[in-house]
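Just so we're clear, the structure is a prediction, and the values are computed from it rather than from any experiment. Each chain gets a letter, A, B and so on, in the order its sequence line appears, and its residues count up from 1.
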Number of protein chains: 2
Amino acid sequence: MKRARGPSVESLLVKLRQAGVKITPNRRKVLDCFLSAEKPWTLSSLHVTLGKSGDSELSSIYRALEAFRQAGLLEEFRFPGDRQTYFSLIRHADGGQPLAHGDSAHQHHHHHIVCQDCGTVSHLDMCVPAGWMGKVERASGFQITEHHLEFKGICGECR
Amino acid sequence: MKRARGPSVESLLVKLRQAGVKITPNRRKVLDCFLSAEKPWTLSSLHVTLGKSGDSELSSIYRALEAFRQAGLLEEFRFPGDRQTYFSLIRHADGGQPLAHGDSAHQHHHHHIVCQDCGTVSHLDMCVPAGWMGKVERASGFQITEHHLEFKGICGECR
DNA sequence: ATTCTAAATGCAAGTCACTTGCAATTATAT
DNA sequence: ATATAATTGCAAGTGACTTGCATTTAGAAT
């Protein structure tokens, strides 16, 4: 599994401040989860983790996720057949700074891949070829603003 | 929007029979929805449609969808931020016949694109380049068995 | 450091989209 | 025509959020 450099704590806190999001002890703990573990989190997994040590309320975590997402820190995604919503830190192409506005279409140059045996979720630091995206736009007549690509497969361990 | 030829009624009924799925009036109506409308259906949209004319029970439609999916007729997918599960007929690459077993990884050569303004869902009869999928496998160490790609954008009408 | 005020929290209750249990029916094979 | 495994209708249950509201608190302004 590849370890990619994510955004710094400071840049995230600045973003939150700018969005008018207050940093409470609970929210700091939620943020730390995302910073410390190279994996997508769910509302439930955060609640299990933070419930023990930090006894955070489910609804507070929920609202923290919403606030973080609206502030542009998190992206959400799902795997087909899975009821839960996953969240992970948005890692910008330049490794920490936000891209210019309007480039949102290709902002997240990574995707997710989940092992169908052990459930491990791995990041994939590559994106579909830009030229292919152009083909999609021409073929569909749509102007693409977002795309979500998720993989299932069998990881190296399980093979 | 492109109109692609889907599987024939007969081939679908054969598949269901083979899977031990009985064809009841209700299930026939569900199947007809998929055959008549070039769009993904949800449990709820089918219930609204069939509730009026055919007064089908929600749970029966639910179980029909499950049976159809297990028999290999339907695929399910979701759009991030959308709570509902969508279903659409699996349209094989050759336009009606199932592919050889083992080719499931690249069986569904189409994806979906939803307009963020009007909500229209359109099929996209193309798939990521096979060479790129190979790159993904090498980069991740995973053997890919499934991939799901959904787009959001602005359709020709809304632009 | 103290005050102020918009935000966040805890708790409880509500919503939505399924999902299941079970007794009564019914599509199919024989 | 009969047997029987599948399906149905109805009701109840589950999981994952999502919201309302009174109370508390982070962070800005003194």
Exercise. Counting only side-chain N and O atoms of Arg27(B), is one of them less than 4.0 Å from OP1 or OP2 of dT8(D)?
Worked result: yes
Problem set entry | From CA spacing to verdict: salt bridge (Lys or Arg N to Asp or Glu O under 4.0 Å), Asp32(B), Arg28(B) | CA-CA 6 Å; Asp32(B) 284 340; Arg28(B) 188 55 215 262; 3.4 Å; yes
For this session: Report yes if at least one side-chain N or O of Asn26(A) is closer than 4.0 Å to OP1 or OP2 of dG10(C); otherwise report no.
Result: yes
Exercise. Which whole-number value in Å describes the distance from Trp41(A) CH2 to dC17(D) C1'?
Worked result: 19 Å
Problem set entry | Protein-nucleotide distance (Phe68(B), atom CZ; dA6(D), atom C1'), rounded to Å | 13 Å
Exercise. Under 4.0 Å between a side-chain N/O of Arg83(A) and OP1 or OP2 of dC17(D), yes or no?
Worked result: no
Exercise. Starting at the 5' end of DNA chain C, which residue's closest nucleotide do you reach first, Thr42(B) or Ile61(A)?
Worked result: Ile61(A)
Exercise. So what does Gln84(A) hit on the nucleic acid, given a heavy-atom distance under 4.0 Å: a base, only sugar-phosphate, or nothing?
Worked result: sugar-phosphate
For this session: Round to a whole Å and report the spacing from CG of Leu58(A) to P of dA13(C).
Result: 16 Å
Exercise. Gln70(B) has an atom CD; how far is it from atom C1' of dT19(C), in whole Å?
Worked result: 14 Å
Problem set entry | Which atom of Ile144(B) lies closest to which atom of Met133(B), heavy atoms considered | CG2-CE, 3.9 Å
For this session: Decide whether Glu150(A) and His148(A) meet the rule of one side-chain donor and one side-chain acceptor closer than 3.5 Å.
Result: no
Exercise. How long is the line joining CZ of Arg78(B) and P of dA16(D), in whole Å?
Worked result: 11 Å
Exercise. Which is true for Ser44(A) with a 4.0 Å heavy-atom rule: it touches a base, it touches only sugar-phosphate, or it touches nothing?
Worked result: nothing
For this session: Starting at the 5' end of nucleotides 22-30 of chain C, put B wherever the base has a protein heavy atom under 4.0 Å, S where only the sugar-phosphate does, and a dash everywhere else.
Result: B----BSS-
Exercise. Which atom names give the shortest non-hydrogen contact between Lys15(B) and Gly72(B), and what distance separates them?
Worked result: NZ-O, 3.3 Å
For this session: Output every pair passing salt bridge (charged side-chain N to carboxylate O under 4.0 Å, His left out) with a member in residues 56-67 of chain B, not counting sequence neighbours, ordered by first then second residue.
Result: Glu66(B)-Arg69(B)
Exercise. What's the NE2-P distance between His47(B) and dT8(D), to the nearest Å?
Worked result: 13 Å
For this session: Calculate the interatomic distance between Tyr62(B) atom OH and dG13(D) atom P; express it in whole Å.
Result: 17 Å
Exercise. Between dT19(D) atom C1' and Glu57(A) atom CD, what is the distance in whole Å?
Worked result: 13 Å
For this session: Using only heavy-atom distances, decide whether a donor-acceptor pair under 3.5 angstrom links the side-chain of Ser59(B) to the base of dC10(D).
Result: yes
Exercise. At under 4.0 Å, does any side-chain N or O of Thr85(A) touch on OP1 or OP2 of dC17(D)?
Worked result: yes
For this session: Could you check whether the rings of His147(A) and Phe151(B) sit parallel, tilted or perpendicular, using 30° and 60° as the cut-offs?
Result: tilted
Would you mind writing out the side-chain donor-acceptor pairs for residues 40-48 of chain A within the sub-3.5 Å range, not counting sequence neighbours?
| residue | atom | partner | partner atom | Å |
| --- | --- | --- | --- | --- |
| Trp41(A) | NE1 | Cys33(A) | O | 3.2 |
| Thr42(A) | OG1 | Ser44(A) | N | 3.4 |
| Thr42(A) | OG1 | Ser45(A) | N | 2.9 |
| Thr42(A) | OG1 | Ser45(A) | OG | 3.3 |
| Thr42(A) | OG1 | Gln84(A) | OE1 | 3.4 |
| Ser45(A) | OG | Thr42(A) | N | 2.9 |
| Ser45(A) | OG | Thr42(A) | O | 3.1 |

